[in-house]
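Take a look at the structure below.
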Amino acid sequence: MNVMTNPTTFDVERIRRDFPILTQKIRGKDLVFLDSAASAQKPRAVIDAMVHAMETQYANIHRGLHWMSERTTEAYEAARDAAATLMNASDRSEIIFTHNSTEAINLMAHSYGRGVMKRGQAVVISGMEHHSNIVPWQLLRDAHGIELRVAPITDAGELDMEAYGALFADGKVGLVAITHMSNVLGSVVPAERVVKIAHAHGAKVMFDGSQAIVHRKIDVQALGCDFYAWTGHKLYGPTGIGVLWGRRELLERMPPFMGGGDMISSVTYEQSTWAAVPHKFEAGTPAILEGIGLKAAIDYVQAIGFDAMTAHEAALTEHALARLGKIDGVHIVGQAQDRGGVISFTLDKAHSHDVATLLDRQGIAVRAGHHCAEPLMRRFNLDSTARASFGIYTTHGEIDALADGLIRVREFFT
Amino acid sequence: MNVMTNPTTFDVERIRRDFPILTQKIRGKDLVFLDSAASAQKPRAVIDAMVHAMETQYANIHRGLHWMSERTTEAYEAARDAAATLMNASDRSEIIFTHNSTEAINLMAHSYGRGVMKRGQAVVISGMEHHSNIVPWQLLRDAHGIELRVAPITDAGELDMEAYGALFADGKVGLVAITHMSNVLGSVVPAERVVKIAHAHGAKVMFDGSQAIVHRKIDVQALGCDFYAWTGHKLYGPTGIGVLWGRRELLERMPPFMGGGDMISSVTYEQSTWAAVPHKFEAGTPAILEGIGLKAAIDYVQAIGFDAMTAHEAALTEHALARLGKIDGVHIVGQAQDRGGVISFTLDKAHSHDVATLLDRQGIAVRAGHHCAEPLMRRFNLDSTARASFGIYTTHGEIDALADGLIRVREFFT
Amino acid sequence: MTPSDNFDDLRDLYQEVILDHGRRPRHAVRLEDFDTTAKGDNPMCGDRVQVWVKFDSDTIGRVGFEARGCAISIASADLMAETVQHRTKADTRKLFESFREMARTGTCPACDAALDEPIERLKPLAGVHEYPSRVKCATLPWHALIAALNGAKEASSE
Amino acid sequence: MTPSDNFDDLRDLYQEVILDHGRRPRHAVRLEDFDTTAKGDNPMCGDRVQVWVKFDSDTIGRVGFEARGCAISIASADLMAETVQHRTKADTRKLFESFREMARTGTCPACDAALDEPIERLKPLAGVHEYPSRVKCATLPWHALIAALNGAKEASSE
Ligand SMILES: Cc1ncc(COP(=O)(O)O)c(C=O)c1O
Ligand SMILES: Cc1ncc(COP(=O)(O)O)c(C=O)c1O
């Protein structure tokens with residue numbers, strides 16, 4: 001399984017040794033973990049950072065005057081710096097920590113949607129969104145009289161740019177909230193063009209970068225977007241922490257989402273005033289340990305480098321498309337030109353749940369179902385697909401194991 | 001420091017060995033950690049449970065058909081069972097996992113406040129609330145036309161029951177949202193009476209149990225309340241996870257708070273339908289590792305037993321009140337009859353921040369400031385206090401160290 | 001990885017009888033003449049089933065179903081249709097409880113001895129208990145059947 | 001723990017000069033005759049300060065202040081008032097930058113040599129850098145002073 005995409009900089013076997021879980025046996029077989037798009041595994045560095053914090057310096061942060069509280073505040077706030085650097089944010093105060101992507105998007109729908117947008121304006125999403133980037137806008141629509149528009153996708157699973165552009169004709173669109181990379185099809189949208197068209201019509205753009213952040217170097221200034229949401233657990237970090245980046249001048253205009261400790265400047269019963277961004281949006285005790293773990297995860301991927309990771313994943317994806325494409329009865333869903341390491345497929349005469357269970361029986365972990373994207377499934381007349389997705393620790397050998405396993409499943413069913 | 005409250009069941013030195021952090025030196029001195037009310041330290045069992053999950057079975061949960069996802073789903077859902085048992089909830093589906101107490105209360109203000117309460121109704125809070133149980137209700141007041149009423153407290157720092165009762169006279173109160181135990185004064189409110197009066201007037205009751213859950217055995221059925229919120233990191237669990245318990249029939253009437261993956265039953269662009277409780281309220285990838293850690297924390301305290309813990313803390317509190325009370329110039333804020341292991345105090349001629357820093361210099365961690373309770377500070381004409389708070393690992397010797405340290409600070413300043 | 005491959009490792013859940021009923025269900029038919037019908041829906045995975053029942057005096061005369069779903073759910077629906085024929089409503093309900101217990105835990109120690117024979121016929125599905133997320137695939141048709149017996153239109157989600 | 005206790009371990013931050021200025025500030029007075037004034041407020045910890053400035057042609061003639069806060073913030077206000085007397089606005093601003101650097105990091109390598117003397121007088125506060133949450137206590141009066149020099153009514157929170 002020792003395939004090195006770029007022998008000088010990327011040694012997948014060395015990387016695999018950083019992930020303790022990869023030596024597990026599953027149902028007696030070597031683990032082949034191809035479910036990273038749902039959530040990635042955690043390197044030793046992340047585990048150690050969290051353990052170290054709990055064993056040597058843990059305390060609540062931000063108002064503590066004692067040594068441990070000060071050290072932990074520093075460690076937590078260092079995560080904000082790391083996230084700002086990762087995304088090339090122009091200011092660390094533009095990084096808001098949330099629970100996950102879903103909360104980041106709900107914060108947007110609530111605080112930007114109800115707080116800044118006006119009744120009668122419209123939000124544009126696409127035909128390949130995760131439920132987390134659909135339902136918050138439906139709640140906004142129903143509560144606040146905002147129209148919801150869906151930019152269609154093509155049969156290849158790409159954003160239909162012409163149709164997208166047409167949605168702005170009446171000038172009502174206030175916000176585009178769109179996935180940067182589909183968690184089902186792997187398609188990457190042409191982000192700069194998406195932004196350019198929206199901005200030309202006076203609309204702001206939020207990307208749901210939950211998938212893209214793992215596969216690409218994200219530079220929010222180069223993208224030109226206004227908000228960018230992602231989630232720590234997919235970037236090799238812990239659960240319980242996500243990020244919303246937003247332009248400072250926009251964040252400053254937005255009312256708070258939740259109220260509580262840490263987000264206030266002063267409180268009287270009559271009236272409270274808010275802390276400056278980002279704290280205005282971070283109510284209550286934050287996910288302190290998770291911030292510390294996320295910092296370690298960001299440092300980990302930065303040390304490897306996105307160029308090397310992206311090249312590795314591109315090679316894996318190419319190999320997987322070639323191998324799966326050759327298996328009789330396997331149909332790959334989505335043929336986007338620009339795509340990341342996520343592949344959905346169906347197998348004739350076998351339901352995707354059976355496929356997943358029978359692969360699992362061989363130690364191969366894939367996901368099956370609607371992948372929290374029911375409208376997208378319907379777009380392709382499907383109820384569900386099986387999905388294999390790759391991380392930095394995925395090897396060409398594992399993809400071969402998937403292909404061989406699938407061939408067995410097909411034969412088992414015929 | 002080896003003082004055993006109840007030698008047969010509670011051995012504080014044995015407990016201390018379960019907390020790796022307690023052997024740390026702070027600025028060259030033995031750590032005396034008296035800031036547990038802000039956040040408690042984590043026992044080895046919690047650290048190990050999280051590490052074990054990350055090293056052997058981690059995957060995203062709920063829709064995974066593969067082995068690791070199924071094991072992790074089981075481990076996470078076991079936390080729900082543990083929380084239900086801890087609180088004596090009648091049904092595990094009444095346990096909603098949130099980010100922290102603050103999110104639990106915001107969920108209430110949003111979903112019960114905007115979703116169930118009617119304009120013109122009132123919410124009652126008390127004069128000793130944490131900002132997290134003030135600001136969400138102010139946001140509700142301003143957005144939804146709900147009146148906010150404050151039940152005053154007495155000079156002793158107890159809820160003024162007569163004044164509390166009078167707030168219901170006009171029949172407008174729909175909800176009481178009140179702390180079960182003050183994080184500043186340590187006062188415990190007479191929960192059953194609070195509930196009885198509210199229910200007699202047709203109002204529901206939510207307790208902010210962020211502090212109480214640590215110090216008392218909570219039985220929501222015996223209390224008779226309708227909702228109960230708390231936060232994992234104060235109960236020796238990880239950050240990033242909290243709990244809202246609610247009566248099932250009420251939760252079922254409440255609209256969702258956030259939208260996204262995992263909280264839906266089905267999604268079309270036109271309309272989405274919601275999953276059953278508790279999932280309706282849990283959008284996106286949950287705090288999986290944190291749930292697993294919280295389960296370990298609950299198991300840990302349950303194994304020790306609340307009777308033993310409460311007795312230990314009562315003995316510590318009595319000892320602390322006696323020792324601090326004898327120091328010239330020290331004033332204890334709050335003299336409630338029924339109180340937990342949290343003591344706020346001031347020292348003549350020294351600002352509480354200086355007190356905290358000078359104690360820290362001696363290895364003693366206390367908190368100083370307004371403790372996210374500005375209106376309560378104003379009630380006592382204070383800007384800030386120093387606060388010492390106790391956990392299961394706190395010893396009588398540590399309280400003596402605090403008293404001796406305070407005497408030095410006083411002398412240093414005169 | 002060749003036609004001579006033996007599939008032993010895949011058979012603990014997918015026994016021959018399940019593959020067979022999954023592929024060629026005998027009762028996968030919409031009854032035109034029926035007394036009661038109900039739907040079951042598992043939105044989490046997209047499985048959907050409708051069950052029709054025709055009584056024969058006080059026992060179940062015939063069950064037909066239409067299902068969209070995995071091999072497990074179709075095989076389970078088919079085995080169910082076969083097994084409940086000529087049983088009373090009361091027995092069918094008891095059988096459902098026993099089957100559900102078996103699907104969840106792999107065994108049914110407290111099961112009524114009178115149900116030994118039908119439970120034996122459903123045993124091939126017991127392997128599902130090792131795959132907790134698949135248990136619902138096996139029980140969904142039963143939920144629909146019980147709903148139909150109760151005169152409900154839809155199985156309430158578990 | 002007795003009057004013979006030596007307090008060496010407590011003195012790294014609370015040097016005698018700080019205790020002294022904290023206890024008996026020389027400039028803690030509201031100026032009746034002033035040219036500009038501004039407030040500083042640290043809502044996070046409740047510290048509050050107001051600073052009055054009287055110019056003497058193009059230098060600062062006199063600074064008075066009223067403060068509610070800890071020993072560090074009062075000592076810092078008092079040392080500030082003492083140190084900026086007879087300095088130009090431009091020098092005072094430079095001094096603030098240097099002081100802020102020192103409070104944050106403990107040293108000020110890039111500091112203007114021309115400021116050696118006043119920085120030396122402010123050095124007792126350098127120990128605050130080891131207590132990050134106390135840095136604002138030391139800098140708050142300076143923020144108010146700079147706001148006053150800028151003609152603003154309130155220091156903007158950092
Ligand atoms: C009484 C009380 N309520 C609410 C909270 C808020 O808890 P969290 O910050 O975990 O949301 C706290 C603790 O900070 C508290 O002591
Ligand atoms: C594209 C996309 N958006 C949003 C989400 C939601 O992320 P989370 O569940 O961490 O909130 C996911 C992953 O589940 C995703 O793939």
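Lettering follows sequence order; numbering is per chain, from 1. Keep in mind the model is a prediction, meaning the values are calculated, not measured.
- Heavy atoms from other residues, nucleotides or ligands lying under 6.0 Å from NZ of D/Lys54 number more than 12.
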Taking it one step at a time, do A/Asp18 and A/Arg44 satisfy salt bridge (charged side-chain N to carboxylate O under 4.0 Å, His left out)? CA-CA 6 Å; A/Asp18 295 334; A/Arg44 167 76 47 217; over 6 Å; no

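- Taking a cutoff of 4.0 Å between a charged side-chain nitrogen and a carboxylate oxygen, D/Glu16 and D/Arg23 qualify as a salt bridge.
- With a 6.0 Å radius and a threshold of 12 heavy atoms from other residues, nucleotides or ligands, A/Gln271 has its CD atom at or below the threshold.
- Two residues are said to be in side-chain contact when any heavy atoms from C-beta on lie closer than 4.5 Å; A/Phe227 and A/Leu251 meet this criterion.
- Taking the ring centroids of D/Trp52 and D/Phe65, they lie at or beyond the 6.0 Å cut-off.
- Using a 4.5 Å heavy-atom cut-off against chain D, the contacting residues of residues 68-77 of chain A are A/Glu70, A/Arg71, A/Glu74.
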